[in-house]
Amino acid sequence: MASSCRRVPAGSSSRACSGPAVARSPPVILPAAAICWGCGLADNPQADRPSRRRQGGHGGQPGRSRRRVAGAEQGGRPRSPEALVAEGLIQVVDHGRSLDGVLPELTARAQAAHRSVVQAMSYEVLRHYEPLAWWRDQLLDRPLNPRAAEVGMLLLVGLERLTGSKREPSRVVNAAVHAARELNHNWATGLVNAVLRRAVRQLESGETPFAKAPPAVRARLPDWLFGMLANDWGEERTILLGEQLATHPPMTLRVNAAEQSVSAYLERLAEQSIEASATRFASHGVALASPLDVERLPGFHQGEVSVQDEAAQLVVDLMALAPGQRVLDACCAPGGKTLAMLDAEPAVQMTAVDIDVTRLARVQDNLERSGRFAELVCADLTAQSIEPPGRFDRILADVPCSATGVIRRHPDIKRLRRPEDLDSLVRRQREILERLWGLLRPGGRLVYATCSILKRENAKQVESFLRDHPEAVAVPLDVDWGEPQSVGRQLFPQADGHDGFYYAVLEKPVTNG
Ligand SMILES: C[S@@+](CC[C@H](N)C(=O)[O-])C[C@H]1O[C@@H](n2cnc3c(N)ncnc32)[C@H](O)[C@@H]1O
């Protein structure tokens with residue numbers, strides 16, 4: 001076992017560890033926004049506030065260069081929400097930056113009254129990017145010059161406002177024209193005005209702009225992802241899936257069962273006039289009717305409740321934890337499932353590993369908030385060993401994945417992921433699985449989990465592992481959630497319910513001699 005002790009530096013930027021290290025309990029302060037696509041634990045649960053919905057292109061290829069939104073540090077003059085969102089989304093679409101990274105810069109430059117609008121618009125344009133861009137291209141007389149990317153994005157913002165907000169259409173058009181000027185594209189004001197007015201006329205005549213759009217556009221998915229999903233689940237289902245992935249996810253809580261029951265917590269929420277209900281499948285889950293700031297959640301800072309998607313909460317039952325067991329939470333950061341397991345069974349010996357030292361510090365924060373303890377190890381599980389082998393009774397392999405099951409929460413995934421990422425992810429998942437299998441003691445159990453809805457990362461991955469490890473036993477899952485696969489169960493994103501997720505449970509039999 002790695003044994004060197006390292007404190008995670010406050011304010012350090014996200015980086016992989018250089019070697020195994022253990023971080024024990026000193027408090028650490030973390031940078032506000034750290035992207036996590038696949039954890040089921042919201043980094044900024046209130047970032048995404050609902051707006052009214054409708055429908056919603058094909059964007060440029062993200063380049064390698066990454067710059068900040070112009071003027072952010074110089075305290076540049078606040079701009080209109082439309083201009084800020086157009087500027088910010090260029091950073092995501094053309095420069096490959098995450099929305100979580102860009103939004104704080106945008107909102108810092110917006111007037112206080114506009115901040116939530118800037119957030120909501122950014123999410124909505126990314127959610128409906130394909131239909132919005134397809135519609136824009138239909139409305140244009142000729143394709144936009146690639147150098148006019150900001151104007152192209154501003155048109156998407158305008159089209160999103162026309163279909164997704166209650167604002168008077170003429171005000172939407174005027175705001176977009178004004179934003180073009182703010183962005184120093186005076187040459188484009190006439191174009192923006194003409195295209196958006198054409199869109200208004202279409203809507204007023206009752207035309208359905210996307211009726212003739214290709215299936216991938218209607219599914220609000222990039223072509224490559226639509227193709228992969230359609231290959232797995234068929235075209236019709238993929239269109240429905242894509243539509244579901246473009247909706248607002250609920251904000252879901254996990255009530256710490258050691259502290260109180262779900263019904264007791266629901267009563268406390270009702271006392272604060274916070275509307276909520278028990279989740280359908282997770283026994284400690286509470287779904288809020290609308291997202292809110294965690295500061296308003298009774299007992300949040302005391303660890304009585306955590307923000308965690310319902311599908312992510314289901315891991316606890318699958319782990320079949322018991323006091324005294326040695327448990328390894330591999331790929332643990334930011335610690336949502338570590339905490340869920342410790343809250344359910346505090347008397348296990350928990351070791352939690354992640355490759356990213358900054359994200360490990362967030363695990364520590366989460367543990368401290370709840371007064372729980374785990375040995376934290378920074379290690380690359382594709383390359384480094386956690387000694388000695390055969391040590392753990394239970395292992396959770398919540399491996400890095402495409403995060404296609406959580407696109408509702410992170411619509412920038414559709415712009416940032418590349419098809420070629422899948423090959424390297426699948427390879428990495430397999431390497432991690434191989435190493436973890438060696439760490440499992442005979443008689444022990446390993447739970448494989450992803451927040452992906454792609455078979456290659458899920459049932460096909462586990463099938464391939466089972467072919468090469470005939471000693472491994474796939475445990476049938478007698479549960480009422482998800483859909484059975486050749487091995488394991490697939491959860492698909494549900495309206496007002498859980499995210500897309502996959503679980504498989506493997507056991508290593510005790511061999512004689
Ligand atoms: C899906 S997230 C884990 C979410 C976490 N289990 C939770 O519930 O909060 C996957 C994690 O795997 C980590 N990771 C990726 N590659 C890794 C590797 N080679 N070794 C260890 N951890 C890795 C990432 O840093 C990321 O934190």
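Both backbone and side-chain heavy atoms feed into the values below; hydrogens, waters and symmetry mates do not. The shown structure was predicted, so the numbers you read here are calculated from the model rather than taken from an experiment. All ligand and atom numbering here is 1-based and tracks the order in the structure.
Taking a cut-off of under 4.0 Å to the non-hydrogen atoms of Ala379, the atoms of ligand 1 that pass are 20 (N), 21 (C). Listed by number with element, the atoms of ligand 1 under 4.0 Å from a non-hydrogen atom of Asp398 are 1 (C), 3 (C), 4 (C), 5 (C), 6 (N), 7 (C), 8 (O), 10 (C). Every atom of ligand 1 is numbered from 1 in the order shown, and the set under 4.0 Å from a heavy atom of Arg428 is 15 (C), 16 (N). Atoms of ligand 1 found under 4.0 Å from any heavy atom of Arg359, numbered from 1 in the order shown, are 25 (O), 26 (C), 27 (O). When each atom of ligand 1 is checked for a heavy atom of Asp380 under 4.0 Å away, the hits are 18 (C), 19 (N), 20 (N). Near Thr382, with a cut-off below 4.0 Å to any heavy atom, the atoms of ligand 1 are 19 (N). Against a heavy-atom cut-off of under 4.0 Å, Cys332 is close to the following atoms of ligand 1: 5 (C), 6 (N), 7 (C), 9 (O). For ligand 1, the atoms lying closer than 4.0 Å to a non-hydrogen atom of Gly336 are 7 (C), 8 (O), 9 (O).
Smallest separation of non-hydrogen atoms from Arg435 and Gln384: CD-O, 3.0 Å.
Between Asp232 and Lys455 no salt bridge is recorded (no basic side-chain N to carboxylate O distance below 4.0 Å).
A distance-only check finds a donor-acceptor pair linking the side chain of Thr107 to the backbone of Leu103 [under 3.5 Å].
In this structure, of Asp356, Val363, Asp329, Asp354, the residue bringing a heavy atom nearest to atom 24 (C) of ligand 1 is Asp354. When the heavy atoms of Leu396, Leu425, Leu381 are ranked by distance to atom 18 (C) of ligand 1, first place goes to Leu381. The nearest non-hydrogen atom to atom 2 (S) of ligand 1, considering only Ala403, Ala333, Ala312, Cys451, comes from Ala333.
A side-chain N or O of Asp380 and one of Thr382 form a donor-acceptor pair less than 3.5 Å apart. Remark: the Glu310 side chain and the Thr252 side chain contain no N/O donor-acceptor pair separated by less than 3.5 Å.
Residue Asp329 forms a side chain to side chain contact (heavy atoms under 4.5 Å, CB included) with just one option from Val363, Leu396, Leu342, and that option is Leu396. Between Trp481 and the choices Tyr503, Phe501, Tyr502, the ring pair (Phe, Tyr, Trp, His ring centres under 6.0 Å) rule is met once, by Tyr503.
Ring geometry for His498 against Phe281 counts as tilted: the plane angle lies between 30° and 60°, on a 0 to 90° scale.
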*Check against side chain to side chain donor-acceptor pair (under 3.5 Å), Gln260 and Arg268*: CA-CA 11 Å; Gln260 68 208 298; Arg268 284 173 71 192; 3.0 Å; yes

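Not a single N or O atom of Val353, backbone or side chain, sits closer than 3.5 Å to an N or O atom of ligand 1. Residue Ile355 places at least one N or O, backbone or side chain, under 3.5 Å from an N or O of ligand 1.
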